Each structure stands twice: as structure tokens, then as C-alpha cells.
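Each remark here refers to the structure printed beneath this line.
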Amino acid sequence: MTNAFVKVERWTRVSIVATGGSLLVLAALALLPFATGSAVLDKFTTLFIYVILAATWNALAGYGGLVSIGQQAFFGLGAYFTIRLSDYGVNAYLAAFASPVIVGLLAWPISWPMLRLRAGEFAIGMWVLAELFHLLVNLDPLIQGETGTSLIALNAYDASTRNALTFWTALVALAAVLAILFILLRSQVGAGLQAIRDNEEAAASIGIRVASTKQIIFVFAAAGAAIAGALWLATAISFQPKTYFSVQWTSYMIFMVLVGGLATFEGAILGAIIFFVIEASFGAAGVWYLIGLGAVALVMSLAMPRGLFGTFVATTGVRLLPIGHWLRPSASNSKLLDASASLKEDIR
């Protein structure tokens, strides 16, 4: 859209190059199992899971304003339903893709009471919900309480084949989650979601369907966490409820998004990469590693509240993946501005 003074852009040269480069990176990653060993594939699979977790929590909290500290509920359920479907004879990798669908269907009715809660009530309510699901899963005889069980169906594959299949499954899941989120945020739902985040009453007054819009992002974030849980199960094989329903998963999501940049599409990806590098470098430090994560998150929140990528955008005005719109001076208006500036110089 263009008028005499401004033009509205969605794609810029930088964003076109960045988007094309991202697609090339995904295509190159698909060939990685043919060029490297299992150890490298495991690391990339872990990174993909972190990106999914960060992107979906950022969608919920950053774009939707729904700060949850209970996303481990859906992470654990994703792993649990994968175990259950596999026990019924479903292929383990098909079960990993089916589990987020089940969790998404389950999240829809759950969203009705949960989204009636506000701010801190919603955050704590989600944590309580996660603990409830944890207890219910423990009651399943297949799980054997906190003893847990394993995804034994993966034993049908040799180690190298299993690692490659898990890598490809994680890559497909990552591409699907990011693509759906990208399309969602660029749609009317995405615009409405951000309007609700900024002022729910004002958004409702201009005709935005507040309840259904919030439900869409709630279900999406639940399904995203579920596929991440299923993928983690495929890498770890063993399933212990207290591990998968631990609040540490949500704390990781929060850290990644705060460091990368809340409410920035690219920031969640950057935060996941940073967290992955920190964990690989200092994860063996035990409790000091966790203390360090907390300290870094605190310092980032105080010194750089927009996160790394948010600060980069505020400083340079450059966005790599276009979610919103840009207002640019039109060619005619640019000439008028240049002429005006020249006239001011002459007068001086």
C-alpha cells in the first residue's frame, strides 16, 4: 500500500535474503546424516528441540501476553502419549507426530477455564495443571509411577539409523512449527493477538474475537511443547514422569526467550542457540550451572530488557523475518524531505 507520503512494506531486501538463507540452511541440514556421525546428530536434535520450546513459549507469552510457568504439562504429555500410542502398536515416529495432535485436542477444552485467569493467576494455574497431569500419568500402570518406562519400540532400529530418523523427525517438526508460527503471526490472528496483549478491552471493542484468538495460540503452544517432549523421548528413550513434568523445562523456555528477545520471532531462535552453547559448555557444572543461568537471565532482564535481538532491532531497525509491516517514505516524499533539508541549509 502506497500514498503520496509513505508506503507500507512487508518484505525488504534483507528479509528476503534472510528467509531464502533460512530455507537453504534447512535443506542443507537435511543432508547432515549423510556427512556426520551420531554424536553431532544428537546435538543438533537437542538444539532443534530447544528452538521449538523457545518459539512456542515466545508465541504464548511474547505475542499473546500469556505468561505460563506450566508448559511442562504439555511437554510431559507429548512424551506420555508417544509411549501410549507405541504400546498400542503405532510406529514410534508416527506416534511422535500424533501425540501433539492429541495434546492440542486436549488443550482446547482446557483453555476455556485457564484463559479466564489473569496474569499471575494464569501463570500459577498452569503450574498447578502441570502437577495434576504429573499425578494422573503416574497412575497409569504402564508408566509404573515414578519408576517410569522406556520407548522400547525404538530398539527395532540400530543406533545409527535411530539417530538419523530422530534427527529428520526433529528437523521436520522444527520446520513445521516455525512455518505455522510465521504464517499465524502474519495473519489477522497474529495482529489480533498482539492487540489483545496490549489492551484486551480495546481489542474487543474493535471487533477482535478475544477468546477464540487466545485459544488458538494456547493450543498451538501446547502442541509445540508436546512435539518437543515426544522428540526428547526419542533421544533419551527412557520416560520418568518427574523429569518430563519438571518446571525446569519452562524455566529453560523463559531463559531462552528473555535472552534472545521477547516478542521477536528471531529472538527465540537466537536465545535457543545461546542456551544450547551454554549448556554444552557448562552443563557439567551441576548446581552452579543453574545458578549461572539464573544470574544471566537477571542481568539480561535489567540491562537489556528487550533481549539481544530486540535491542539489535531497536538500534538498527533491521528485521530478518518480516512479521509486521514497515512504513517507508515514498519516493516523492523522500524528494520533498531532501528539498526541505536543502532549503533549510540555504536559509542558514
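Just so we're clear, the structure is a prediction, and the values are computed from it rather than from any experiment.
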Quiz item: Between Asn58 (side chain) and Ala263 (backbone), is there a donor-acceptor pair under 3.5 Å?
Solution: yes

Quiz item: Could you state the interatomic distance from CG (Leu60) to CZ (Phe220), rounded to the nearest 0.5 Å?
Solution: 10.5 Å

Exercise. Can you measure from CG (Leu308) to CE (Met300) and round to the nearest 0.5 angstrom?
Key: 4.0 Å

Quiz item: Nearest heavy-atom pair of Lys242 and Glu146: which atoms, and what distance?
Solution: N-OE1, 3.1 Å

Quiz item: Ile227 and Leu231: side-chain contact (heavy atoms from CB on, under 4.5 Å), yes or no, with the steps?
Solution: CA-CA 6 Å; Ile227 187 64; Leu231 291 169; 4.2 Å; yes

Quiz item: Do you know which two heavy atoms are closest between Ile254 and Trp57, and how far apart they sit?
Solution: CG1-CZ2, 3.5 Å

Quiz prompt | Partners meeting ring-ring contact (aromatic ring centres under 6.0 Å, His included) with Tyr88 (sequence neighbours left out) | solution = none

Quiz prompt | Residue pair Tyr63, Ile217: steps toward the side-chain contact (heavy atoms from CB on, under 4.5 Å) verdict | solution = CA-CA 9 Å; Tyr63 289 101; Ile217 203 65; 5.9 Å; no

Quiz item: When hydrophobic residues are tied together by side-chain contacts of less than 4.5 Å, even through go-betweens, does Leu139 share a cluster with Val137?
Solution: yes

Practice problem: Answer yes or no: is there a side-chain heavy-atom contact under 4.5 Å between Leu293 and Tyr252? | Solution: yes

Practice problem: Start with the C-alpha distance between Trp168 and Phe97, add both sets of side-chain angles, then the distance that settles ring pair (Phe, Tyr, Trp, His ring centres under 6.0 Å), and finish with yes or no. | Solution: CA-CA 12 Å; Trp168 279 318; Phe97 281 115; over 10 Å; no

Quiz prompt | Arg197, CZ atom: more than 12 neighbouring heavy atoms under 6.0 Å | solution = yes

Quiz item: What's the verdict on side-chain contact (heavy atoms from CB on, under 4.5 Å) for Thr56 and Gln71, showing C-alpha distance, side-chain angles and the deciding distance?
Solution: CA-CA 10 Å; Thr56 53; Gln71 292 305 103; 5.9 Å; no

Quiz item: Taking atom types as modelled and ignoring hydrogens, do the side chains of Thr82 and Ser99 form a donor-acceptor contact shorter than 3.5 angstrom?
Solution: yes

Quiz item: Quick check: does any side chain N or O of Thr235 sit under 3.5 Å from a backbone N or O of Trp232, one acting as donor and the other as acceptor?
Solution: yes

Exercise. Spell out, as yes or no, whether a donor-acceptor pair under 3.5 Å connects the side chain of Thr36 to the backbone of Leu32.
Key: no

Quiz item: Where do Ser68 and Thr250 come nearest, in terms of heavy atoms and distance?
Solution: O-CG2, 3.4 Å

Quiz item: Does atom CZ of Arg116 have more than 12 heavy-atom neighbours, drawn from other residues, nucleotides or ligands, at distances under 6.0 Å?
Solution: no

Quiz item: Would you say Phe133 and Ile124 are hydrophobically clustered, going by side-chain heavy atoms of ILVMFWY under 4.5 Å?
Solution: yes

Practice problem: Please confirm whether the backbone N or O of Ile83 pairs with a side-chain atom of Ser86, one donor and one acceptor, at under 3.5 Å? | Solution: no

Exercise. Report yes or no: do Ile152 and Ile143 belong to one cluster of Ile/Leu/Val/Met/Phe/Trp/Tyr joined by side chain heavy-atom distances under 4.5 Å?
Key: no

Self-check item: Distance in Å, Leu77 CG paired with Leu129 CG, rounded so as to fall on 0.5 Å steps
Solution: 8.0 Å

Quiz item: Distance-only, no hydrogens or angles: does the Ser111 side chain make a donor-acceptor pair with backbone N or O of Trp108 under 3.5 Å?
Solution: yes

Quiz item: Relative to each other, are the rings of Phe167 and Phe48 parallel, tilted or perpendicular (30° and 60° limits)?
Solution: tilted

Exercise. Carefully, step by step, assess Phe309 and Phe312 under the rule ring pair (Phe, Tyr, Trp, His ring centres under 6.0 Å).
Key: CA-CA 5 Å; Phe309 195 84; Phe312 171 77; 5.5 Å; yes

Exercise. Please work out which of the three classes, parallel, tilted or perpendicular, describes the rings of Phe245 and His134, given edges at 30° and 60°.
Key: parallel

Quiz prompt | Parallel, tilted or perpendicular: ring planes of Phe275 versus Tyr50, cut at 30 and 60 degrees | solution = perpendicular

Practice problem: Search all heavy atoms of Ala107 against all heavy atoms of Ala222 and return the closest pair with its distance. | Solution: CB-CB, 3.6 Å

Quiz item: Relative to the ring of Phe182, is the ring of Phe265 parallel (under 30°), tilted (30 to 60°) or perpendicular (over 60°)?
Solution: perpendicular

Quiz item: Looking only at heavy atoms, what is the nearest atom pair of Ala130 and Gly70, with distance?
Solution: CB-O, 3.9 Å

Quiz prompt | Linked, directly or transitively: Leu26 and Ile16 (ILVMFWY side chains, under 4.5 Å) | solution = yes

Quiz item: Ignoring hydrogens and geometry, is there a side-chain-to-backbone donor-acceptor pair from Asn163 to Ala159 under 3.5 Å?
Solution: yes

Self-check item: CH2 on Trp249 to CZ on Phe75, rounded to 0.5 Å
Solution: 4.0 Å

Quiz prompt | Val210 to Ile196 - nearest heavy-atom pair and separation | solution = CA-CD1, 3.7 Å

Quiz item: Can you tell me how far the CG atom of Leu233 sits from the OG atom of Ser238, to the nearest 0.5 Å?
Solution: 8.0 Å

Self-check item: Distance (rounded to the nearest 0.5 Å) between Asn138 CG and Gln240 CD
Solution: 10.5 Å

Self-check item: Met256 reachable from Val299 in the ILVMFWY side-chain graph, under 4.5 Å edges
Solution: no

